[in-house]
Amino acid sequence: MRVIVQEQPFDLAAEVESFAKGRTDLGAVVTFHGIVRGDDTGTLDHMMIEHYPGMTERALTTIAQEAMRRWSLGDVLVLHRFGEMRAGDRIMMVATAARHRKDAFEAAEFLMDYLKSRAPFWKKEYAADGASWVAAKSDDEDALSRW
Amino acid sequence: MRVIVQEQPFDLAAEVESFAKGRTDLGAVVTFHGIVRGDDTGTLDHMMIEHYPGMTERALTTIAQEAMRRWSLGDVLVLHRFGEMRAGDRIMMVATAARHRKDAFEAAEFLMDYLKSRAPFWKKEYAADGASWVAAKSDDEDALSRW
Amino acid sequence: MIYDVLYFAWVRERIGLPKEKVTSDATTVAGLVADLCAREERYAVAFSDISALRVALDQELSTFEAPLDGVREIAFFPPMTGG
Amino acid sequence: MIYDVLYFAWVRERIGLPKEKVTSDATTVAGLVADLCAREERYAVAFSDISALRVALDQELSTFEAPLDGVREIAFFPPMTGG
């Protein structure tokens with residue numbers, strides 16, 4: 001299990017390539033990565049992700065451990081960036097490896113649902129016409145109720 | 001949308017790296033890849049995957065198109081190998097890109113469920129003590145009923 | 001009519017070949033299967049449990065009750081195990 | 001007691017600093033918030049709608065009713081938007 005919080009870009013290809021590599025007991029790997037979307041009007045200049053150093057690592061570790069406890073997983077990776085990002089940049093990724101695909105898929109969705117609402121990150125968008133904090137979505141809070 | 005059926009190994013890292021790259025309208029990418037598991041007793045020597053040339057490409061294309069129709073997706077990749085493989089080798093992958101994570105996750109699970117039971121591949125396992133065809137699981141057939 | 005008939009996986013192994021031309025007056029898949037079974041023991045063995053088999057007509061999954069009108073290629077195989 | 005109090009996102013912006021030492025006799029988070037609001041307008045503005053805020057005690061999510069016994073670090077922030 002690995003939990004990484006970093007400012008610099010991450011190497012998605014290398015992370016996916018090395019994750020669960022050589023394991024012959026795991027048949028299924030699911031990955032998710034999030035990308036900064038340009039906003040609908042295309043005016044997004046950049047995004048700043050603020051986080052709570054210390055608590056962030058604890059929260060991500062707790063979420064990853066909970067996934068390992070609930071599903072039969074061979075490995076879990078959670079990686080999240082903070083700082084300045086632009087449209088098209090990769091913000092974060094999770095990966096799960098399991099014997100069977102159902103565990104890998106469910107655990108990855110669980111990780112994402114918890115990351116969205118329980119990990120201390122806050123996004124602020126900067127556009128030509130000003131800056132604004134991204135509001136939490138009630139959908140994201142609701143998504144937790146299924147677990 | 002890309003559908004690939006090939007005998008040679010594929011470059012997972014390169015496929016993941018290039019998939020949806022540079023798109024600023026998509027916030028979520030899900031990938032799945034399947035790995036040949038060693039069997040429980042560790043006696044698997046190799047696996048042969050037989051397929052139905054022509055029908056395979058048609059079936060995968062139909063499944064990918066159906067995913068594009070049912071969910072709001074920016075891109076879909078389905079790649080499946082045939083021929084000889086050993087424990088730890090990567091058999092296949094799917095990738096889905098969407099504006100929101102729910103579409104990307106559901107579409108990837110849909111693709112996998114349909115690939116398992118509706119794409120014309122058959123696996124035969126060769127071990128020290130003989131060879132046997134992998135039996136279809138009723139679980140896999142049942143999984144289709146949720147879509 | 002003359003059909004291209006294909007066999008995969010253990011159906012191919014039991015019948016002993018991957019593909020053959022079959023001439024039949026059958027109007028349905030089930031009728032064609034009956035013709036094959038009447039020919040030789042190896043067909044009767046391969047088709048002994050139809051519920052364990054699948055059929056594709058011109059590369060689309062179909063059923064044993066389906067008519068053969070306009071069909072060129074018929075494939076028999078066990079349930080698929082992709083992924 | 002003296003606490004390390006942290007503010008994030010727009011709470012930080014409204015209060016105008018990321019972190020400060022706060023001395024308070026309050027026994028709960030809500031009591032500490034009342035103390036802060038009584039100090040200066042900018043606190044009253046930041047904490048005007050408690051339902052829009054979250055609190056963490058020693059880096060674990062908690063509630064405004066929670067006691068402060070043994071707590072060293074208190075953080076206030078809006079609902080999180082990770083992922």
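Proteins come first, then strands; the chains are lettered A, B, ... in the order of their sequence lines, and each starts at number 1.
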Verify ring-ring contact (aromatic ring centres under 6.0 Å, His included) between Phe105(A) and Phe105(B), making sure each step is shown before the conclusion. CA-CA 8 Å; Phe105(A) 271 117; Phe105(B) 271 118; 7.1 Å; no
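- Among the residues in residues 140-147 of chain A, those with a non-hydrogen atom closer than 4.5 angstrom to a non-hydrogen atom of chain B are Asp140(A), Ala143(A).
- Contact check for Glu109(A) versus Glu109(B): side-chain heavy atoms found under the 4.5 Å cut-off.
- We find that Asp113(B) and Arg101(A) are joined by a salt bridge, their nearest charged nitrogen and carboxylate oxygen being less than 4.0 Å apart.
- Of all the listed residues (Ala87(A), Gly22(A), Gly27(A)), the one sharing the greatest number of non-hydrogen pairs under 4.5 Å with chain B is Gly27(A).
- For Arg23(B) (side chain) and Gly88(A) (main-chain N/O), no donor-acceptor pair under 3.5 Å exists by modelled atom type.
- Heavy-atom pairs under 4.5 Å with chain A were tallied for Val29(B), Ile35(B), Val30(B); the largest tally goes to Val29(B).
- For the residue pair Leu12(B) and Val16(A), the shortest heavy atom distance occurs at CD2-CG1, 3.6 Å.
- The choice from Lys116(B), Lys21(B), Met93(B), Glu15(B) that makes the most heavy-atom pairs within less than 4.5 Å of chain A is Lys116(B).
- Using a 4.5 Å heavy-atom threshold, the side chains of Arg37(B) and His100(A) count as touching.
- Proximity to chain A is absent for every atom of Lys102(B), based on heavy atoms less than 4.5 angstrom apart.
- Annotation for Arg70(A): atom CZ counts as buried by contact number, over 12 foreign heavy atoms lying within 6.0 Å.
- Counting heavy-atom pairs closer than 4.5 Å to chain B, the top-ranked of the candidates Thr24(A), Asp11(A), Thr96(A) is Thr24(A).
- The most heavy-atom pairs under 4.5 Å with chain A, out of Val36(B), Leu26(B), Asp25(B), come from Leu26(B).
- When heavy atoms are compared at a cutoff of 4.5 Å, Arg86(B) does not approach chain A at all.
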